[in-house]
*Asks:* 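Below is one structure. I have some questions about it.
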Amino acid sequence: MDLPYYPINDFGPLMKGLAIGGLGIIHVFLAQFAIGGGMLLCYLQWLAQTGRCRQARAFVDGYFKVLVLVSFVLGAVTGVGMWFTTIQVSPRTIGMMVDEFHWIWAIEWTFFSLEVTAGYCFYRYGKRLNDSSRMALLSLYATAAWFSLFWINGILSWQLTPGGWTETGHVWAGFFNPSFFPSLIFRTVTSMAIAAFAACLVINLMPEGNREDRTILLRKAAHFLAPLGLMPLLGVWYFATIPADSRAYVMGGSAAMTLFMSLAVLVSFLIGAYSLLALLKRTMYMNGATSLLLLALTLVATAGGEFVREGVRKPYTVRMALYSNSIRPDEIEHLRRVGSVTNDPYPLLEAEELPNEQLRLGAKVYRFQCSICHTTSGVNGLKELTHAWSPEQKRLMIAQLQRTKPFMPPFAGSAEELEALVQYLQWHGEGQPDDWPETHDEEVLAQIQQWLDEAGTQAGQAHTGDVANSGGEQ
Amino acid sequence: MNAPLPLGHPWPTTLYLALYMVTLSAHFLLMHYVVAGVLYTAWCAGSPRKGALDGPLVSLIRDWLPLMLGGAITAGVAPLLFVQILYQKHFYTANLLLFHRWMAVLPVLIAAFYALYLMKTSRFARWPRAGRAALAAATLGLLGFIGWSWTENHLLSIQENAWVEQFAGESWFYAHGTLLPRALFWLCNTVPTLAMMLAWQRRYQEKISEGDEVEDCSRRLAIVAVAGSVLIIATAGFWAAAITPGVREAVTGSPNVTFVVMLAIGMAVEVAGWAWVFSKRRLRGGALLGVSVGTGLRIFSIVGLREAIRLAHIDIAALYPRHAAAAEVGGLGLFLLILVINTLLIAASIWLVRRGWREE
Ligand code: HEM
């Protein structure tokens, strides 16, 4: 079994989460702006050329400039940036996504190229073209942008709900997975809302036009808020398709997940309620500050949603196929036999600071198996989490890691490695003294081995309702 | 295995190599315009001449730079995808080892983008000389940083035995003996490519503004292009001197020598085309077509050469099973179909614009 070892930059989960999460949220937001923006522009161009709204024409050109300057530039660049940050966070995850779905990605790239071409054609020459050409370019732009979402959505939703792919390994079974459609529609509706709020902002900032014109345009743009009414339904549909344990995390199983989920739901509710009010009450005027606030709230809701989407996958990055710490379920048995870091060629950077070989081994095991989610001391720090436990308890809890918390992968190393890890945590717990004895107790190792065997190599089972206490007895 | 790349390997490997080499060539084409374009803009921005940034060529360049950068990035995504299939572990490892670099590249790219938009405005041309020269030079620096990072990353990716040491040293840089000549060679290659693309743009401009007097730039373009070609040869010599004998042998031996020959032919065709342009003082379509074929050959052969150098370091046969496994997943047929459709739609977009123009 030849699993690849990559150099691990241990910056702690906070840094990684912020890098990937922060960039991901901005990218998703901008991409959705581009998608919704394309659709909105088609709508307004249609209103203009059919004589339904004469104010729309000037707006289309102005709005497209914003779309290009903000979403084209930042959207495209952050998209590229996503590749690099995902590689940093988990090369094996992105590698698996590329291996399985490269033709989908290649398809997406052709749509991206079309989007860029049609978009730039409109940007540079749109003003000089007749209505039918304008409409054609905008439609190509909008369709291509939406299809980018379509293809990427299949890959992202596959990570959480791989569906039939788990058994067959078939691309289309993975692509059209159980949460594909709810999340596609969900994201489309969000895109439309973002575009509408951005439009309201642009309308308020337009130098030309009087208040009356603006009110008319605002009302037209607000039509794109109507689908928000579907959100509760889409939310329920989406949650019906995701795995039960993931659902349990957001419904009280994990405090952080529940918090973020509630935040996203609450903010979405506020946005939706205000939008429907704006739609129904014809006299209401959405000014620049309000639009900006709503746009900001949408960003917050996106952030909450993306955080939850990333979070509820634990302990996997690809459900049933790859754990968060880049170990595949079918590799665990092998690693328990030969040791998880025996073949890791990358040395410890802080080797000098550790008093003995066993601690160095423990540090390497920690780096390989735990550092993606934990720090030694600090954010989700193992020192704090385990300080009340005796070495004996630490051994048991780690040997049965997937039972300790089902959102952790099973321990994937030898008994010696586990003991080294326990010593490493113990040493941290006692303030990192200069002298530390190595332990070599055959009985302890035998006990660890027995616990490991009992826990097995399968992932843990979450109990809906009481995820936190799933240790021991199953 | 005695066929030039991408041939000479099992079909999955050949397929991914072919896609990689073709799309990387497209990336190079557009990237060359951006880098050389900013170089030229910086040159003009530093000139004390009044209206130095309003000349026909530099105005054209400034106008098109943001779009070309958008194109270069878009074109870069495709080889980025295929390199991950071909050399996954090598590419990822280099990326991880140069973590700080890749985190810096993103803001740098954004800054470069907006700088190009700023340089496109007419206000920029009115800036005081020091200011506009500083902005243009800084933008050139940003692009240089990105290009340099790609080269450094590439060299680290093919030097497997340097990985552990690089990690242990916690260095933010990877200095390799061939880094400088390699980067200079890429830089010089940008110049004739820009000249070729500009020539087409100029020719098109002349055509649509018939009657109006259009300043003739043909000779200037020809001189710049040929000067660039001379520099390419000089830096190629520098590079050849820097690589190890083993690598040199791999590149100049059969079958990779094909690329050396192709490069020579391509450059000869380019120079011949420019000589014609110079003597006739005209940007004629036929001559430009010849130049373009030469440029195409040159770009494809430098992509071939860099791949040959990579394969002198990496045992690609060990990666065959990976490529074969990747080729088992579905979607290729649909990709090819959609590729055709979207290529037609891209052509349709451009056609729409041209038609609208003619009607005007
Ligand atoms: C304007 C900024 C850029 C410049 C100046 C630039 C320049 C370069 C250069 C000089 C190389 C060759 C490296 C070597 O062989 O030594 C290269 C390769 C490459 N570039 Fe770009 N590039 C830019 C942006 C991008 C972007 C944004 C992407 C991705 C979307 C990209 C994707 C690639 C890929 C995939 C390779 C091949 C890497 C390999 O095989 O190791 N480039 N680029």
Side-chain angles (χ1 to χ4, degrees), chain A residues 4 6-9 11 19 23 69 72-74 76-81 83-85 87-88 91-92 94-95 98-107 109-114 116-118 120-125 128-130 133 136-137 140-141 144 169-172 175 345-347 349, chain B residues 16 19 23 66-67 70-71 73-78 80-82 84-85 88-89 91-93 95-97 99 102-103 105-106 109-110 113-114 117 163-164 166-168 170 322 325-326 328-335 338-339 341-343 345-346 348-350 352-353 355-357 359-360:
Chain A
Y6 287 107
I8 296 174
N9 297 311
F11 305 109
L23 187 70
L69 281 177
F72 249 50
V73 174
L74 290 179
V77 175
T78 51
V80 172
W83 282 107
F84 295 111
T85 36
I87 292 170
Q88 295 300 330
R92 266 197 113 182
I94 189 74
V98 165
D99 286 345
E100 295 296 325
F101 292 108
H102 48 280
W103 298 122
I104 304 282
W105 246 311
I107 291 171
W109 175 75
T110 69
F111 279 101
F112 180 50
S113 303
L114 174 60
V116 169
T117 313
Y120 266 112
C121 282
F122 190 86
Y123 174 67
R124 282 188 76 97
Y125 305 110
R128 305 195 205 164
L129 298 177
N130 62 21
S133 300
L137 281 180
L140 278 176
Y141 169 78
H170 203 281
V171 156
W172 299 115
F175 186 80
Y346 295 101
L349 295 179
Chain B
Y16 292 121
L19 287 166
T23 53
L67 169 65
I73 294 175
T74 308
V77 172
L80 179 61
L81 177 64
F82 296 120
Q84 294 177 68
I85 301 169
Q88 189 164 91
K89 187 172 173 187
F91 186 72
Y92 289 168
T93 302
N95 266 257
L96 289 159
L97 291 173
F99 164 82
W102 291 112
M103 293 302 105
V105 159
L106 181 62
L109 206 52
I110 293 174
F113 231 129
Y114 287 117
Y117 273 110
W163 293 350
V164 166
Q166 179 75 17
F167 178 79
E170 290 182 82
R322 255 198 66 74
E328 303 236 315
V329 306
L332 173 59
L334 188 68
F335 164 64
I338 291 185
L339 178 66
I341 295 175
N342 280 344
T343 306
L345 289 176
I346 286 173
S349 306
I350 295 166
L352 274 175
V353 167
R355 191 192 58 172
W357 217 333
E359 278 169 3
E360 205 172 272

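Protein chains get the first letters and strands the later ones, always in sequence-line order, with residue 1 at the start of each. Only heavy atoms go into these numbers, but all of them, side chains included; no hydrogens, no water, no symmetry mates.
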*Asks:* Pick one of side chain, backbone, both or neither for A/V77, based on which atoms fall under 4.5 Å of a heavy atom in chain B.
*Replies:*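 Both backbone and side chain.
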*Asks:* Do you know which of B/V329, B/I338, B/L334 makes side chain to side chain contact (heavy atoms under 4.5 Å, CB included) with A/W103?
*Replies:*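 Going through B/V329, B/I338, B/L334 one by one, the side chain to side chain contact (heavy atoms under 4.5 Å, CB included) with A/W103 is satisfied by B/V329 alone.
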*Asks:* So how far is it from B/F113 CZ to A/L69 CG, rounded to the nearest 0.5 Å?
*Replies:*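 Between atom CZ of B/F113 and atom CG of A/L69 there are 10.0 Å.
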*Asks:* Among B/I73, B/L80, B/L339, B/L67, which has the most heavy-atom pairs under 4.5 Å with chain A?
*Replies:*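 Greatest number of close heavy-atom pairs with chain A: B/L67.
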*Asks:* Would you mind checking which part of A/F122 comes under 4.5 Å of any heavy atom in chain B, side chain (CB onward), backbone (N, CA, C, O), both or neither?
*Replies:*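 For A/F122, there is no contact with chain B at all, as no heavy atom is under 4.5 Å.
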*Asks:* To check you understand the geometry: which heavy-atom pair defines the closest contact between A/Y6 and B/K89, and what is its length?
*Replies:*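 Taking A/Y6 first and B/K89 second, the nearest heavy atoms are OH-CA, 3.6 Å.
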*Asks:* What verdict does the side chain to side chain contact (heavy atoms under 4.5 Å, CB included) test give for B/T93 and A/Y346, after you've listed the backbone C-alpha separation in whole Å, the side-chain angles of each residue and the deciding distance to 0.1 Å?
*Replies:* CA-CA 11 Å; B/T93 302; A/Y346 295 101; 3.4 Å; yes
*Asks:* May I have the step-by-step check of side chain to side chain contact (heavy atoms under 4.5 Å, CB included) for A/W109 and B/L81, ending in yes or no?
*Replies:* CA-CA 10 Å; A/W109 175 75; B/L81 177 64; 5.9 Å; no
*Asks:* Which atoms of A/W105 come close to chain B, meaning under 4.5 Å heavy atom to heavy atom: side chain ones, backbone ones, both, or neither?
*Replies:*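 Both backbone and side chain.
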*Asks:* Under the side chain to side chain contact (heavy atoms under 4.5 Å, CB included) criterion, do B/R322 and A/D99 qualify, and how do the steps go?
*Replies:* CA-CA 9 Å; B/R322 255 198 66 74; A/D99 286 345; 2.9 Å; yes
*Asks:* Please identify, among A/P7, A/S133, A/A144, the residue contributing the most non-hydrogen atom pairs under 4.5 Å to chain B.
*Replies:*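 Among A/P7, A/S133, A/A144, the one with the most close pairs to chain B is A/P7.
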*Asks:* Could you tell me which non-hydrogen atom of B/F91 sits nearest to which non-hydrogen atom of A/I87, and how far apart they are?
*Replies:*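 Heavy atoms of B/F91 and A/I87 come nearest at CE2-CD1, 4.1 Å.
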*Asks:* Restricting to non-hydrogen atoms, name the atom on A/L114 and the atom on B/S349 that form the minimum distance, rounded to 0.1 Å.
*Replies:*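 Nearest heavy atoms, A/L114 then B/S349: CD1-OG, 4.2 Å.
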*Asks:* A/T85 vs B/L106, test: side chain to side chain contact (heavy atoms under 4.5 Å, CB included). Steps then yes/no.
*Replies:* CA-CA 10 Å; A/T85 36; B/L106 181 62; over 6 Å; no
*Asks:* Rounded to the nearest 0.5 Å, how far apart are CG of B/N342 and CZ of A/F111?
*Replies:*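 Interatomic distance, B/N342 CG to A/F111 CZ, rounded to 0.5 Å: 4.5 Å.
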*Asks:* I need the residue from B/M103, B/Q166, B/E328 with the largest number of non-hydrogen atom pairs under 4.5 Å to chain A.
*Replies:*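 Looking at each option in turn, the highest pair count goes to B/M103.
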*Asks:* Within a strict 4.5 Å, meaning less than it, do heavy atoms of the B/Y117 and A/V73 side chains meet?
*Replies:*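 SC-SC contact between B/Y117 and A/V73 confirmed.
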*Asks:* Counting only non-hydrogen atoms closer than 4.5 Å, does A/R92 touch chain B with its backbone (N, CA, C, O), its side chain (CB onward), both, or neither?
*Replies:*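 No part of A/R92 comes within 4.5 Å of chain B.
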*Asks:* Relative to chain A, which segment of B/E170 carries a heavy atom at a distance below 4.5 Å: side chain, backbone, both, or neither?
*Replies:*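 Just the side chain, heavy atoms under 4.5 Å.
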*Asks:* Work out which heavy atom in A/P91 is nearest to a heavy atom in B/L96; give both atom names and the distance.
*Replies:*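 Taking A/P91 first and B/L96 second, the nearest heavy atoms are CG-CD1, 3.7 Å.
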*Asks:* Just so I know, are the side chains of B/F335 and A/T110 near enough to count as touching, which here means a heavy-atom distance under 4.5 Å?
*Replies:*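 Yes. Closest side-chain heavy atoms under 4.5 Å.
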*Asks:* Taking all non-hydrogen atoms of both residues into account, name the closest pair between B/G356 and A/L129 and its distance.
*Replies:*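 Of all heavy-atom pairs spanning B/G356 and A/L129, the closest is CA-CD2, 3.7 Å.
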*Asks:* Taking side chain as C-beta onward, heavy atoms only, is B/V353 less than 4.5 Å from A/R124?
*Replies:*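 SC-SC contact between B/V353 and A/R124 ruled out.
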*Asks:* Please state whether the side chain, the backbone, both or neither of B/F167 comes within less than 4.5 Å of a heavy atom of chain A.
*Replies:*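 Both parts, backbone and side chain.
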*Asks:* Are the side chains of B/Y92 and A/I94 in touch, meaning some heavy atoms are under 4.5 Å apart?
*Replies:*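 Yes, close enough: below the 4.5 Å cut-off.
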*Asks:* For chain A, which candidate among B/L109, B/N95, B/T23 shows the most heavy-atom pairs at distances under 4.5 Å?
*Replies:*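 Heavy-atom pairs under 4.5 Å are most numerous for B/N95.
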*Asks:* Checking heavy atoms, do the side chain of A/L140, its backbone, both or neither come under 4.5 Å from chain B?
*Replies:*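 For A/L140, side-chain heavy atoms alone lie under 4.5 Å from chain B.
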*Asks:* Looking at A/S113, A/G95, A/P345, which makes the most heavy-atom pairs under 4.5 Å with chain B?
*Replies:*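 The answer is A/G95.
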